[in-house]
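Since the structure comes first, as structure tokens, the remarks are kept for the end.
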Amino acid sequence: MPEMKKLYEIGNRPREIFLSPDGETPTRRSRVPFTRRHWLKWRSRYNPKSLKLEKRLEDKKPLWWMLSLGLLLLVTPFLGNSALTVASIFCMFAAINVLWTLIIGTAGIFSLATLAVVGVSGYAAAAFNVYLGVPWPFMFVIGCLTGLVAGGVLALPSTRLDGLYFALLTLGIVEICRVFVQQLKSLGATNGSINQVDSFIPSDWFLQREGLLLGFFGAFALLLGALLLFKLVNSERLGMLLQTARDEEAFAEAIGIDYRRARLMVFMISSAGLGIIGAFYAMYYRSISPSIFSLDQLLLLFAMIVIGGIGRADGAVLGTAIVVLIDKGLLDLGPVRILIVAAIMLLVTLLTNNGLVGAREQFRNYRNRKKSEARARRTEKGGEVMPEEATDMPDKQEIFYRRFNKRLRDELKLLITPELIEEHRRKPLGRHSDALSRVLNYFRRSEMPDKYAILRQPENFNHYKIVALSGERGAPPRLVDDRLYESIDEAYHAVFLLRVNDLLES
Amino acid sequence: MSTVTLIHGLNLAAIYGLMAIGISILWSSVGMINMAHGATFAASGYAAWQVSLIAQPLIAAWLGTGLDASIAMGATMIASGLGAGAIFGGLIFLLAYLPIHEKANFAVRSLIVTLAINLATVQLLLYFFGPRQRALPKIFGLGRTEILGIPIRNDQLGTIVATALLMLVVVIWLKRSRKGLEITAMMQNPEGAVLSGISVRWTALPVTMLTGALAGLAAILLSQTVFVSPTAGALPLIKGLTIALLGGLGSIPGAIMGAILIGFLEAIVGSISFLGQRYVLFSQFLFIITVLIIRPRGLGGLLDQTRESRNA
Amino acid sequence: MHEILKIEGLSAGYGPLRVLHEIDFSVQEGERIGLVGLNGHGKSTLMRSVMSLVGWQNGSIRFKGQEIGGARSTGAGRRTHAIVQLGVALTPQGDAIFPGMTVAQHLDCGAHSKLAWRQRAQRRDAVMDIFPPLRKLESALVGTLSGGERRMVSVGRALMTEASLYLIDEPSLGLAPKISKAVLEALFALPKAGKAMVIAEQNVALLAGRVDRMVGMHAGRLRGDVGHVALS
């Protein structure tokens, strides 16, 4: 068999990832252990031109994740100390933001108290460690439990209040936490912070190269854990339930989805995760201070998810990377860096619909909308198909049919003369001239919707009105106008005139 | 309840009321939650401080140090606060309303944009003026006035009277004037509003300027007792927001009622010796959360219902 | 006779959908025109594109010689208030538009010119003479009224300021025949001098004999007013 000549690759095809297996061996795909999911989303199909089997990678996101996280893990240990710290902070904040995305995006609860949950659990874990002597591995458990409790307390009003109301309320709760911690008498000496917290980093390694490395690997593990939790919650059962409820709450309820419970579950789960992060935070810095509850810190975190795009894990991580790089990486700039963050936040919100990760899709939608608008301005109804419209049509026969029809109409328009109309008026039925029978033949072949018909008036035998058929089964025809025709020939001719009018206008 | 507590409560209620009403009006007319209200507050405080630096020697040279001079100084302060607030309000209109008001999800978007403005303003103030706190000149003097046998500190009296007057003017303006009617119309149905010859784009400008001016006035009045600092806006913003929530976002009577309740709560809790100032914020938020759990729409949530009936 | 509105080559639509196809249409002073046609054939879109309220539009619309149309693809409604102030009044299809206002407030909304605002009490009175049922409902919320009363409020709002062109979209929609007749009677009773009125209606019988000219609308094109072949 001769080789097919090389196809021109147009559209998105050059950017797609293809495998060309031979059709003989059966496809094998390994699964993620303990689940029914595959590692990558390969889709097989036969190329309609070459009739070759090809496997296309439908979802390229896992590759991007692997690439970026792997790069982070490999490159960071060779960086300097300050860059290592920035990377660790990035991982920690990214973990917080991924869980926050779970709350705002998946559960749809607009909570601004995420950092407060982190802080409260951090404080609880640190307090247990410092004042009660609980060893550091149990701090994670304490943090997790505190996060769960804090999440429960926060979730209580979320069932009653909607959206923005709850957001504003949580803002108040953050402020309470800050004031409360600052005014605790037992912490008065240290201005509200707990110091000397035990940590997974041995104390003689603290702020040394080894300690920083260990801290980074810990933070990286935390980020991986947060991403895994996101995946488990967002794309498994709970997330699916909530996805149905997102657009149409009443409908979800009607088909038996208890979306409120699912929301609370997601909220509690991510709060517990935030609690663990809180404990980690206290351990990483070996202290925790009220500044974690400050409005500015909260705003900075919010800026991260807003810049990346609310509701998507990649958005949360991307936004965190941008903001942490500016905030911690450009320390020399002073207050200007917050200004830069604010400016980026402003621009992103003004220009995009959902952060930077949504920009691509937004641009495509915009382009498509403009294209179709422009097409609608240009094309006439039933006219020839425009080239860019033709690429979207699955049934290419339609294109030729419409082109043929257009030419036919152009041809027939030339045939219509006053003499022709006069001929039809004199003799609507019977033998006609060549031109008239061509025109009539075209009319007879027209489509059912809006086809004209003659309705005999029930009260009066010789009175007729013209109706237009709806073209739908069950939908009655409608009256075209209220003119009454005294004879059937007159009605025939009126229908003819209407048709001619339509033809000339098209 | 002692009269001192009463007056203190009214004083606080007046300042919180100014903030809360601004937030409420903006939500009900434009449909945006202004998180930059605190920034407006801080910026107007600084503007007034700058003006006072310039104006003080001028007024002293012109009128001396008599009563005239202090009245002129007070008027300058209030005017500069109102003016700066109004200008800042205009800025919020330009950034947070004009470019995005036709786009989807305007409420969340404007919230984010105003948050960004807040963030930027605080940093800018920090950049130009440093973290040091500044004191505004006392515009009502330091003495006390006796009314019905009750001695009242001049600044408290001035605050209460000025706020009550201004609120009255605002409420009447919203109720009686063509602009007020336009604002209501725009809130209920933007398309209907344009069909009534109302420009949806430009009607929002006076509203944002008005609410900005209210925040500016609040800044001047609160700065009689507290200092001006770059982060001074955070607490008034949060208090104003929660009071607006308590009153039911968008309801002006609700906001006034909420401000009075919260003001008195603060005064009473602060005056009880075994509770003290430390539990003020705590008790306030507990109160607000309890009310909101019982009545999710706040004290007066009527307006939101009309908003929803339109959307339905 | 004087031309109030002249539309030339107007196409309009929403996104990829093209609703109006190159429409030419004109309204003379003192004319009362019935715009008839079925649901979805573009009557409302024609009226809305005069007000610059559709998704995109193309083509010239001249109101008393002043261009208010032109090509536009974004910002629906940005120019509308200016068009209203020029003297075009549209009562949109369906119900009254501000459900949370009292009848009096709702009528006041229509008084957008300075003069009308100063005389709003008299003008409200005049509207209530046209629609007597509104008189006793003056302080009722519009959202609580019956369909017919709401329609009266909606039309009344358009009458509050003197306009030279009234566009009334489906005054009978969803109303009992008796009430829709009453609303239409009130419209027909308005003085015609120096003004014009276009009434969009599905029910031809309601307008028959009461309007100066009946224009059909079908699939985004006008019928009976302009045509390549006379329909007689």
N/O donor to acceptor pairs below 3.5 angstrom from side-chain atoms of residues 177-187 of chain B, sequence neighbours left out:
{"residue": "B:Ser177", "atom": "OG", "partner": "B:Trp173", "partner atom": "O", "Å": "2.8"}
{"residue": "B:Ser177", "atom": "OG", "partner": "B:Lys179", "partner atom": "N", "Å": "3.4"}
{"residue": "B:Ser177", "atom": "OG", "partner": "B:Gly180", "partner atom": "N", "Å": "3.1"}
{"residue": "B:Arg178", "atom": "NE", "partner": "B:Glu182", "partner atom": "OE2", "Å": "3.2"}
{"residue": "B:Arg178", "atom": "NH1", "partner": "C:Asp108", "partner atom": "O", "Å": "3.1"}
{"residue": "B:Arg178", "atom": "NH1", "partner": "C:Cys109", "partner atom": "O", "Å": "3.3"}
{"residue": "B:Arg178", "atom": "NH1", "partner": "C:Ala111", "partner atom": "O", "Å": "3.2"}
{"residue": "B:Arg178", "atom": "NH2", "partner": "C:Cys109", "partner atom": "O", "Å": "3.4"}
{"residue": "B:Lys179", "atom": "NZ", "partner": "B:Glu182", "partner atom": "OE1", "Å": "3.2"}
{"residue": "B:Thr184", "atom": "OG1", "partner": "B:Gly180", "partner atom": "O", "Å": "2.8"}

_Residue-level contacts of residues 195-203 of chain B with chain C, using a heavy-atom cutoff under 4.5 Å_ = B:Leu195, B:Ser196, B:Gly197, B:Ile198, B:Ser199, B:Arg201
For residues 206-213 of chain B, which side-chain N or O atoms pair as donor and acceptor with protein atoms under 3.5 Å away, sequence neighbours left out?
{"residue": "B:Thr208", "atom": "OG1", "partner": "B:Ala204", "partner atom": "O", "Å": "3.2"}
{"residue": "B:Thr208", "atom": "OG1", "partner": "B:Leu205", "partner atom": "O", "Å": "2.8"}
{"residue": "B:Thr211", "atom": "OG1", "partner": "B:Val207", "partner atom": "O", "Å": "3.1"}
{"residue": "B:Thr211", "atom": "OG1", "partner": "B:Thr208", "partner atom": "O", "Å": "3.0"}

_Given heavy-atom pairs under 4.5 angstrom as the criterion, report whether the side chain, backbone, both or neither of C:Arg48 touches chain B._
side chain
*For C:Met101, is it the side chain, the backbone, both, or neither that has a heavy atom closer than 4.5 Å to a heavy atom of chain B?*
both
*Report the residues that fulfil ring pair (Phe, Tyr, Trp, His ring centres under 6.0 Å) with C:Phe188, sequence neighbours left out, ordered by chain and then residue number.*
none
*Side chains of C:Gln105 and B:Lys175: closer than 4.5 Å at any heavy-atom pair?*
no
*Identify the residue among C:Ile83, C:Val84, C:Leu53, C:Leu90 that makes a side-chain contact (heavy atoms from CB on, under 4.5 Å) with B:Val194.*
C:Leu53
